[in-house]
2 protein chains.
Amino acid sequence: MDGQAPNLWTVEQVVKHLGITPRTLRYYEELGLITPAARTPGGHRLYDEATVAEVAHILRLKDTLGFPLREIQQLLAAERQLQALRESYHRQEAHPEARRRVLMQFRDVLVDVMGRIDEKMAALTALRERYAEKLARVDQRLRGDGGEQP
Amino acid sequence: MDGQAPNLWTVEQVVKHLGITPRTLRYYEELGLITPAARTPGGHRLYDEATVAEVAHILRLKDTLGFPLREIQQLLAAERQLQALRESYHRQEAHPEARRRVLMQFRDVLVDVMGRIDEKMAALTALRERYAEKLARVDQRLRGDGGEQP
DNA sequence: TCCAAACCTAACGTTGACGTCAACTTTCTG
DNA sequence: CAGAAAGTTGACGTCAACGTTAGGTTTGGA
């Protein structure tokens, strides 16, 4: 039922969209971060939108948070566990205790990540201020270029 | 004149203060990022407060901005150039044109760095929001733990 | 004075995140 | 239906940022 083709992406489309190389895609797969949604009869990888979005997310975590890929793997694992929980819930297979346990675990992961984000933001704010001050001084000296104290 | 000892730090003091290893300190020196203020008669490195602060700054740039050390080197070079300008200014050796040129160059560096900081902050804000939403949903499900829609 | 702890230089090793090449196979396009 | 372009697996190469080991020298405290 629902024979709708789920709109699959080729390797080339994904890497051009995200500005990466095929090697990166395969490396992430090798580490278990992603799994191509399908293969062509000949073995070429095909990705669905969700996986493309996940790769974009991985890149953000890596580049802006500086997380190593192994940690990102833990994070994604937790998110997937929650997703699995959501689905088991749909099928009414959720033992309330187990359900609660998974939710608490995921909560811990979330709190940890958000704490690290906040740390980064604080450090970035301090850095920004430092450079903003320097910039203000430089601009002042460039403007009133007479002979003030340095 | 002014024979005040400038309060020097040993390698051990620096690394314990900053949570790094001696190897890191030597590596940064190898790259030209820092220079120990002095050596003991026997050759042991000694650092002044300014250098310790610079190492702390390097670590922040590396960890929170994710800058590679070679780029940090450029940044520090620019800052030092400005410092040199400040000193030459004191000694009235500043050709106004050269002075202006250095100031403009440093300004460009500053604007570039601040732009990158702002990019990171924007990305971090988006990430934070994403996880905050997830956290809110999890908390809601943990609280009203009855049988709502997932 | 003696000795453990700290430090030195020089060199090779490791880890993460890919890059690159070889030798094919599949897929798209004219 | 040919040939170029894209993709496959497998393996080795690379680069940054240190870690580690070897073989000595210096230093500070009992």
Side-chain angles (χ1 to χ4, degrees), chain A residues 5 7-48 51-52 54-77 116, chain B residues 5 7-48 51-52 54-77 116:
Chain A
N7 197 24
L8 296 173
W9 300 47
T10 71
V11 168
E12 194 183 24
Q13 289 168 340
V14 175
V15 303
K16 283 193 177 164
H17 183 65
L18 296 177
I20 58 179
T21 70
R23 171 72 231 228
T24 300
L25 225 38
R26 265 180 281 124
Y27 183 57
Y28 289 179
E29 181 180 344
E30 198 179 316
L31 292 185
L33 292 174
I34 55 172
T35 307
R39 298 264 185 154
T40 67
H44 288 197
R45 274 164 255 249
L46 293 172
Y47 302 90
D48 57 9
T51 305
V52 175
E54 247 184 349
V55 175
H57 185 209
I58 292 170
L59 294 172
R60 273 198 306 275
L61 287 173
K62 180 174 73 70
D63 292 333
T64 77
L65 271 181
F67 277 23
L69 294 179
R70 323 281 169 168
E71 267 185 56
I72 295 177
Q73 192 176 2
Q74 308 300 310
L75 187 56
L76 293 184
R116 296 168 69 166
Chain B
N7 196 24
L8 297 172
W9 298 48
T10 71
V11 168
E12 194 183 23
Q13 289 168 340
V14 175
V15 304
K16 282 192 177 165
H17 182 67
L18 296 177
I20 59 179
T21 70
R23 170 71 229 226
T24 299
L25 225 37
R26 281 197 306 272
Y27 182 58
Y28 289 178
E29 180 179 344
E30 198 180 317
L31 292 184
L33 293 174
I34 55 172
T35 308
R39 297 263 187 156
T40 67
H44 288 196
R45 274 165 257 250
L46 294 173
Y47 302 91
D48 58 8
T51 305
V52 175
E54 247 185 350
V55 175
H57 184 208
I58 292 170
L59 294 172
R60 273 198 306 275
L61 286 173
K62 182 175 71 74
D63 292 334
T64 78
L65 269 181
F67 276 24
L69 294 179
R70 323 280 168 169
E71 267 184 56
I72 295 177
Q73 192 175 0
Q74 309 299 311
L75 187 55
L76 293 185
R116 295 167 70 165

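Quick caveat, the model's predicted, so the values are computed rather than measured. Chain letters run A, B, ... following the sequence lines, proteins first and then strands; every chain starts at 1.
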S.K.: Can you measure A:Y28 atom OH to C:dG19 atom C1' for me and round it to whole angstrom units?
M.R.: 14 Å
S.K.: From the set D:dC18, C:dT27, C:dC18, return the single nucleotide nearest to any side-chain atom of A:P41.
M.R.: C:dT27
S.K.: If I take atom CD1 in residue B:I72 and atom P in nucleotide D:dA16, what distance separates them, rounded to the nearest angstrom?
M.R.: 14 Å
S.K.: Once you round it to whole Å, what is the distance between C1' of D:dT8 and CD of A:E29?
M.R.: 11 Å
S.K.: Using every non-hydrogen atom in the two residues, find where A:V15 and A:T21 come nearest and quote the distance to one decimal.
M.R.: CG1-C, 3.7 Å
S.K.: Does the ring of B:F67 carry B:R60 above it, NZ/CZ under 6.0 angstrom from centre and within 45° of its axis?
M.R.: no
S.K.: What's the NE2-C1' distance between A:H44 and D:dT8, to the nearest Å?
M.R.: 6 Å
S.K.: Do NZ/NE/NH1/NH2 and the carboxylate oxygens of B:E71 and B:K62 come within less than 4.0 Å?
M.R.: no
S.K.: For DNA chain D, whose closest nucleotide is more 5', that of B:F67 or that of B:G43?
M.R.: B:F67
S.K.: If you assign each of A:L69 and B:T10 to its closest nucleotide in DNA chain C, which residue comes earlier from the 5' end?
M.R.: B:T10
S.K.: By nearest nucleotide on DNA chain D, pick out whichever of B:T40 and B:R70 is the more 5' one.
M.R.: B:R70
S.K.: Expressed in angstrom and rounded to an integer, what is the separation of B:R39 atom CZ from C:dC8 atom C1'?
M.R.: 8 Å
S.K.: Using heavy-atom distances to pick each residue's nearest nucleotide on DNA chain C, tell me which of B:E12 and A:R26 is more 5'.
M.R.: B:E12
S.K.: In whole angstrom, what separates A:R23's CZ from C:dG16's C1'?
M.R.: 12 Å
S.K.: Please give, in whole Å, the distance from D:dA17 P to B:L31 CG?
M.R.: 7 Å
S.K.: Just one of B:E29, B:H44, B:R26 clears the side-chain contact (heavy atoms from CB on, under 4.5 Å) bar with B:P36, so which one?
M.R.: B:E29
S.K.: Could you tell me how far apart B:L25 (CG) and D:dT20 (C1') are, to the nearest whole angstrom?
M.R.: 17 Å
